[in-house]
Amino acid sequence: MVAEQTEIHLRTNGLSAYFFGKPAVREASVGFAKHTVTAIIGPSGCGKSTFLRCLNRMHEMVPGASVDGQVMLDTQDIYAPEVNPIQLRKRVGMVFQRPTPFPTMSIADNVAAGLKVNGKVTGADRQAVIERALRGAALWDEVKDRLDASPLALSGGQQQRLCIARAIAPRPEVILLDEPTSALDPISTQHIEDLVHELKSEYTVVIVTHNMQQAARVSDTTAFFYMGELIESGPTEQIFTRPRQERTEAYITGRFG
Ligand code: ADP
């Protein structure tokens, strides 16, 4: 492997997340390098989703939620008082476990929905942004002749790629994917995995997955969580072949999970 200088794009420093004062994530410190894919793995309930949601301030939308510690996006502390969380979520986009297209909007309007916060985009600009986002989500060829149709006419996998198009329309810097293939069939899963690979040329990607094969296939770096703690993180190949921690080894070899 070629050793190269990696620029950290997003970093957590002693990040803890709570629900009604009860910790779900404890003092996690980890950096995400620019234009890489990081997989967050660990058994169900270990805090993967909660951790991910802290990275674009979605966690605070949940009743009883609070955070401690720091999340730095380049040099900006995203929890600083001057940061507008809605604007932040345009810079750090998110895609959820189940496809969540807006059912009453057309395919085109679903993509454009992500743009509205920055003012209305109209005319040729709007068309260009929609096409660019749909191409970026590897969906353009499948929907270009039916942009005004309902997203509900699409397959689950296509709907998920539409949600990725919606997330990339405002040109974010980071994309967070929360188990994006857990509701999809194997072929759609492969499409999304191929897409994740392409996304990293433009974005920094963090993906939560309970599927270790998927983590091994798509990521450059893997972070293993257990009971709210970040046990270790490192190059994916190393985590899966030479983990440093006993608990990581036990998990990746299937002794629990
Ligand atoms: P994972 O993504 O690894 O399955 P989660 O981040 O969803 O784990 O959950 C971590 C812990 O936080 C679990 O103990 C879970 O029960 C708790 N938790 C998650 N969501 C909520 C919520 N909305 N209210 C209270 N507790 C929650």
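Order of listing sets the numbers, starting from 1, for every ligand and every atom in it. The figures here come from the full heavy-atom set of this structure, side chains too, leaving out hydrogens, waters and symmetry mates.
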- Query: When you look for protein heavy atoms under 4.0 Å from ligand 1, which residues do they belong to?
  - Reply: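 Answer by chain and number: Phe19, Ala24, Pro43, Ser44, Gly45, Cys46, Gly47, Lys48, Ser49, Thr50, Val62.
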- Message: Quick one about Arg166 and Thr100 (side-chain donor to acceptor, distance below 3.5 Å, no hydrogens or angles considered), yes or no?
- Response: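 Checked: Thr100/Arg166 side chains pair up, N/O donor to acceptor below 3.5 Å.
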- Ignoring hydrogens and angles, state whether a donor on the side chain of Gln214 or Thr209 is under 3.5 Å from an acceptor on the partner side chain.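 On atom types as modelled, these side chains qualify, holding a pair under 3.5 Å.
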- Can you tell if the side chain of Phe225 reaches within under 4.5 Å of the side chain of Ile40, non-hydrogen atoms only?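 Answer yes - side chains close enough.
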- Quick one: are the ring centres of Tyr251 and Phe224 less than 6.0 Å apart?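 Yes, the ring centres sit under 6.0 Å apart.
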- Message: If we check side chain to side chain contact (heavy atoms under 4.5 Å, CB included) with Leu88, which of these qualifies: Val71, Leu55, Leu73?
- Response: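 Of all the options given, the one that passes is Leu73.
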- Item | ring-ring contact (aromatic ring centres under 6.0 Å, His included) partner of His59, the single match among Tyr79, Phe19, Phe51 |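 Looking at Tyr79, Phe19, Phe51, the match for His59 under the ring-ring contact (aromatic ring centres under 6.0 Å, His included) is Phe19.
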